[in-house]
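Taking it in order: structure first as structure tokens, then the write-up.
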There are 2 protein chains.
Amino acid sequence: MSSPGEHWISYTNDLLAGSGLRKSAARTHVIELLGAQHCALSAQEIEHHLGTDGHRVGRASIYRTLEMLVARGLIKRIDMGRAEASFEATMPDGHHHHHMVCSQCGNVAAFDDPQLEAAIDAVAERLSATVNDHDVLLRGICGTCAAS
Amino acid sequence: MSSPGEHWISYTNDLLAGSGLRKSAARTHVIELLGAQHCALSAQEIEHHLGTDGHRVGRASIYRTLEMLVARGLIKRIDMGRAEASFEATMPDGHHHHHMVCSQCGNVAAFDDPQLEAAIDAVAERLSATVNDHDVLLRGICGTCAAS
DNA sequence: GAGTCTAATGAGAATGAGTCCCATTAGCTG
DNA sequence: CAGCTAATGGGACTCATTCTCATTAGACTC
């Protein structure tokens, strides 16, 4: 049995293999790290994780890999109102979630909601434009912070 | 008859007058510029506009004013996936809109949709957290770009 | 396996938005 | 008007991200 993350890794590798890209260690490490995550990581966090895992990868290569993956729709760039952007694997079937950030502790929780997606699709339909992506971000106080 | 923007300006000034802040030229200019806008402006754009209007205001003061207005909920910081953040007056009655950014020309269109708001409220209800703000951002190709 | 071609890497410089510092200016109050 | 201090603004600084370029290392040929 393979986790969704492992599935994404092999999907991504297959897709890249068939597009004239060389298979480099740096790229492989970034992809494997992203695939192992259950939520978004920033470039900094990626650099740090790879460093402590003994797979140090240059910052430039990390950004280059992220850019390449975003361009191919394999990951999504997410802006959570912090200084740095975060990145998260996108499931090939289009399944995705959104985020709620606690303005007190900064913690991020993921959620998904079919009704919300339907409402967004309906808006997209109405506009004189082709909508091909959307972000939703909720901000507030998480349960833990509210309790303390 | 006063435009919604003028209404926001006087509302904002009244609110600030009653909170121990001195009335400074720099702050007044930023507030009046924001009130005159129909959509979001970035700090850079504010600096540039004020400069060409002959009301040059130091960058530090612009950021300070924006921070102060955000803290009081008088404007909202909006991240459109560009390098810089944008800022937009918030209507006292809570009425607001969201944005659609064209990934080709960068143009921004505003829209609002009660159903979408309802869907977000419903999600917020479900979560074990107090949601007090949200962003929605659509990305795609605008009508103009699609036509050309 | 060696040679060649060039994609990819990574160290560090450069960029640019946003923040900080601090000497100076200018609202306010008495 | 004098004094107090909030507020300003020039410019130094921070920090994420991008760029540059000399070096490294996949992949293909022989």
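So that the names make sense, note that chain A is the first sequence line, chain B the second, and so on, each numbered from 1. Since we're looking at a predicted model, the values are computed, not measured.
Going from atom CZ of A:R64 over to atom C1' of D:dT24 covers 12 Å, rounded to whole Å. Counting to the nearest Å, the C1' atom of D:dG9 and the CD atom of B:E47 are 11 Å from each other. In this structure, A:M68 atom CE and D:dT17 atom C1' are separated by 18 Å, rounded to whole Å. In this structure, A:E45 places its CD atom 13 Å from C1' of D:dA16, rounding to the nearest Å. Protein atom CD of A:E84 is 13 Å distant from nucleotide atom P of D:dT18, rounded to whole Å. Note: CG (A:L66) to P (D:dC19) measures 15 Å, nearest angstrom. In this structure, the CZ atom of A:R82 is 19 Å from the C1' atom of D:dT14, given to the nearest Å. Here the P atom of nucleotide D:dC19 and the CD1 atom of A:I62 are 17 Å apart, to the nearest Å.
Remark: the A:R27 side chain and the D:dG26 base include no donor-acceptor N/O pair separated by less than 3.5 Å.
When only modelled atom types and interatomic distance are considered, A:H49 and A:Q37 share no side-chain donor-acceptor pair under 3.5 Å.
The 5' end of DNA chain C is approached more closely, in terms of each residue's nearest nucleotide, by A:L21 than by the other of B:F87 and A:L21. Along DNA chain C, the nucleotide nearest to B:R22 and the one nearest to A:K23 differ in position, and the one closer to the 5' end is contacted by A:K23.
When heavy atoms are screened at a 4.0 angstrom cut-off, B:A85 is found touching the sugar-phosphate backbone but no base atom. Residue contacts shown for B:R56 are limited to sugar-phosphate atoms, with no base heavy atom under 4.0 Å away.
Protein chain A contacts DNA chain C from C:dT6 to C:dA11, reading 5' to 3' and using non-hydrogen atoms of the protein with a distance under 4.0 Å.
Within a 6.0 Å radius of CD in B:E84, other residues, nucleotides and ligands contribute more than 12 heavy atoms.
Phosphate contact (OP1/OP2 of D:dA7, side-chain N/O of B:S61, threshold under 4.0 Å): absent. An OP1 or OP2 oxygen of D:dG26 is reached within less than 4.0 angstrom by no side-chain nitrogen or oxygen of A:S24.
Taking the side chain of A:A83 as heavy atoms from C-beta on, and the options D:dG26, D:dA16, D:dG9, the nearest nucleotide is D:dA16. You'll find that the side chain of A:A60 is closest to D:dT20, out of D:dA6, D:dA16, D:dT20.
Across all their heavy atoms, B:R82 and B:D79 have their closest contact at O-OD1, 4.5 Å.
With hydrogens and angles ignored, the 3.5 Å screen pairs a side-chain donor or acceptor of B:H29 with a backbone N or O of B:A25.
A salt bridge between A:E47 and A:R59 is present, with a side-chain N of the basic residue lying under 4.0 Å from a carboxylate O of the acidic one.
A distance below 6.0 Å separates the ring centres of B:H96 and B:H98.
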- Message: Go through it in stages, so that I can follow the logic: the residues are B:S19 and B:R72, the test is side-chain hydrogen bond (donor to acceptor under 3.5 Å, both in side chains), and I'd like the CA-CA distance, side-chain angles, deciding distance and then a yes or no.
- Response: CA-CA 11 Å; B:S19 61; B:R72 286 159 201 264; 3.3 Å; yes
